[in-house]
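Letters go in sequence order (proteins before strands), and every chain restarts at 1.
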2 protein chains.
Amino acid sequence: MLTIGKLGEAARVKVPTIRYYEQIGLLPEAERSAGNQRLYGRKAMERLAFIRHARDLGFTLEAIRDLLSLSDIPDQSCAAADAIARAQLAEVESRLARLTALKAELERMVVQCAGGKIADCRVIEVLGDHSLCATDHRHPETELAQ
Amino acid sequence: MLTIGKLGEAARVKVPTIRYYEQIGLLPEAERSAGNQRLYGRKAMERLAFIRHARDLGFTLEAIRDLLSLSDIPDQSCAAADAIARAQLAEVESRLARLTALKAELERMVVQCAGGKIADCRVIEVLGDHSLCATDHRHPETELAQ
DNA sequence: CCTTGAAGCTATAGTTGCTAGAGACATTAA
DNA sequence: TTAATGTCTCTAGCAACTATAGCTTCAAGG
Ligand SMILES: [Zn+2]
Ligand SMILES: [Zn+2]
Ligand SMILES: [Zn+2]
Ligand SMILES: [Zn+2]
């Protein structure tokens, strides 16, 4: 059995994050030692590794919650799990598209500035006027974090 | 003079967001009508458009605050502004690199799954074991939102 | 002139996914 | 034994908004 610190080390997850996952019900309540400290076995370790890996791949905690529920029913079809992964892929692709446009605009701005005074700075100028942009990079609707 | 609603419409910024920007000091306190409602002129409009455009390009509010301060001193060198833009470009490039790796892993997962039962699902399997991944896509350090 | 509905006001709390602190108890090594 | 580290709970904070509640103000129609 591992203490929370050892578990965090093993899974490369910070201790408060583990407690947070327990608090929101993503990890089950841990066993406790005589002195009330959390103790973890191999199952908890695997579950945490799954969460960590899915987070590294950009899945939200909600998606991970669903994936974990699904993974508990081995006999069921994996269509739902695959759908979550495909949705995540689509999300990543849309962010990629957006970031690619941003990169182009930022490069243009930076390259075009001759580096004189603020009054003539192309960076400031472009930021004040989207019509100087080459692409329409604007926020389409709600695109969230990561 | 525009009411907050008209300003928001014109700049495509939601009304509560405008009030929020004022609250955090990104926009100056607006003039008020006899009935205590905010009124905006062309200068406020331009400032808000600048903020909105910079946000669309992924700049943080902190960076925008600095850019706005700089833009108020037309005689000074634009080196600092250019540096902020270059830092933002670097940030976008690093996010792009990470997302590109994520996309590859997600595609691999989704393609490899034959679509049977959860017990045999490649998506679930890979999420549980990073060593099945082709690249090291893991969170390097602190990479923030957008 | 009056009413109704939309738009505005303030203040507070919620979102996501953590992270940081305070103050108390537990465990471990010297 | 004592000091250092680890763990406990609870609360608050981060970015950048968004949503709600309960009010006041305004513009248009009858
Ligand atoms: Zn410049
Ligand atoms: Zn633009
Ligand atoms: Zn599958
Ligand atoms: Zn992996």
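Place A:V15 and B:L61 on DNA chain D by their nearest nucleotides, and A:V15 ends up nearer the 5' end.
Regarding A:I18, its CD1 atom lies at a distance of 11 Å from the P atom of C:dT19, rounded to whole Å. Here the P atom of nucleotide C:dT27 and the CD atom of A:Q37 are 5 Å apart, to the nearest Å. The distance between atom CD of B:E62 and atom C1' of D:dC14, rounded to the nearest whole Å, is 12 Å. Across the protein-nucleic acid pair, A:R32 atom CZ and C:dA26 atom C1' stand 13 Å apart, rounded to whole Å. D:dC17 atom P lies 4 Å from atom CZ of B:R55, rounded to whole Å. If you measure from atom NZ of B:K14 to atom P of C:dG8, you get 15 Å, rounded to the nearest angstrom. The separation between B:Q23 atom CD and C:dC9 atom C1' is 13 Å, rounded to whole Å. Atom pair A:M1:CE and C:dT27:C1' shows a separation of 17 Å (rounding to whole Å applied).
Look at B:S33 and you won't find any side-chain N or O under 4.0 angstrom from OP1 or OP2 of D:dT25. The phosphate of C:dC18 (OP1 or OP2) has a side-chain N or O of A:Y21 nearer than 4.0 angstrom. Residue A:R38 places none of its side-chain N or O atoms closer than 4.0 Å to OP1 or OP2 of D:dT7. Between A:T60 and C:dT16 there is no side-chain N or O to OP1 or OP2 distance below 4.0 Å. For C:dC18, neither phosphate oxygen OP1 nor OP2 lies less than 4.0 angstrom from any side-chain nitrogen or oxygen of A:R52.
Grouped with B:M1 in one hydrophobic cluster are B:L39, the linkage being side-chain heavy-atom contacts under 4.5 Å among Ile, Leu, Val, Met, Phe, Trp and Tyr residues.
Ionic pairing of A:E22 and A:R19 is not present here: no N-O contact between side-chain nitrogen and carboxylate oxygen is shorter than 4.0 angstrom. Taking a cutoff of 4.0 Å between a charged side-chain nitrogen and a carboxylate oxygen, A:E105 and A:R108 qualify as a salt bridge.
The nearest pair of heavy atoms linking A:A85 to B:M109 is CB-CE, 4.0 Å.
Within 6.0 Å of the CD atom in A:E31, the count of heavy atoms belonging to other residues, nucleotides or ligands does not exceed 12.
Of the candidates C:dG8, D:dC8, C:dC18, C:dC18 carries the atom nearest the A:T17 side chain, counting heavy atoms from C-beta on.
Within 4.0 Å (heavy atoms only), A:R19 reaches at least one base atom of the nucleic acid.
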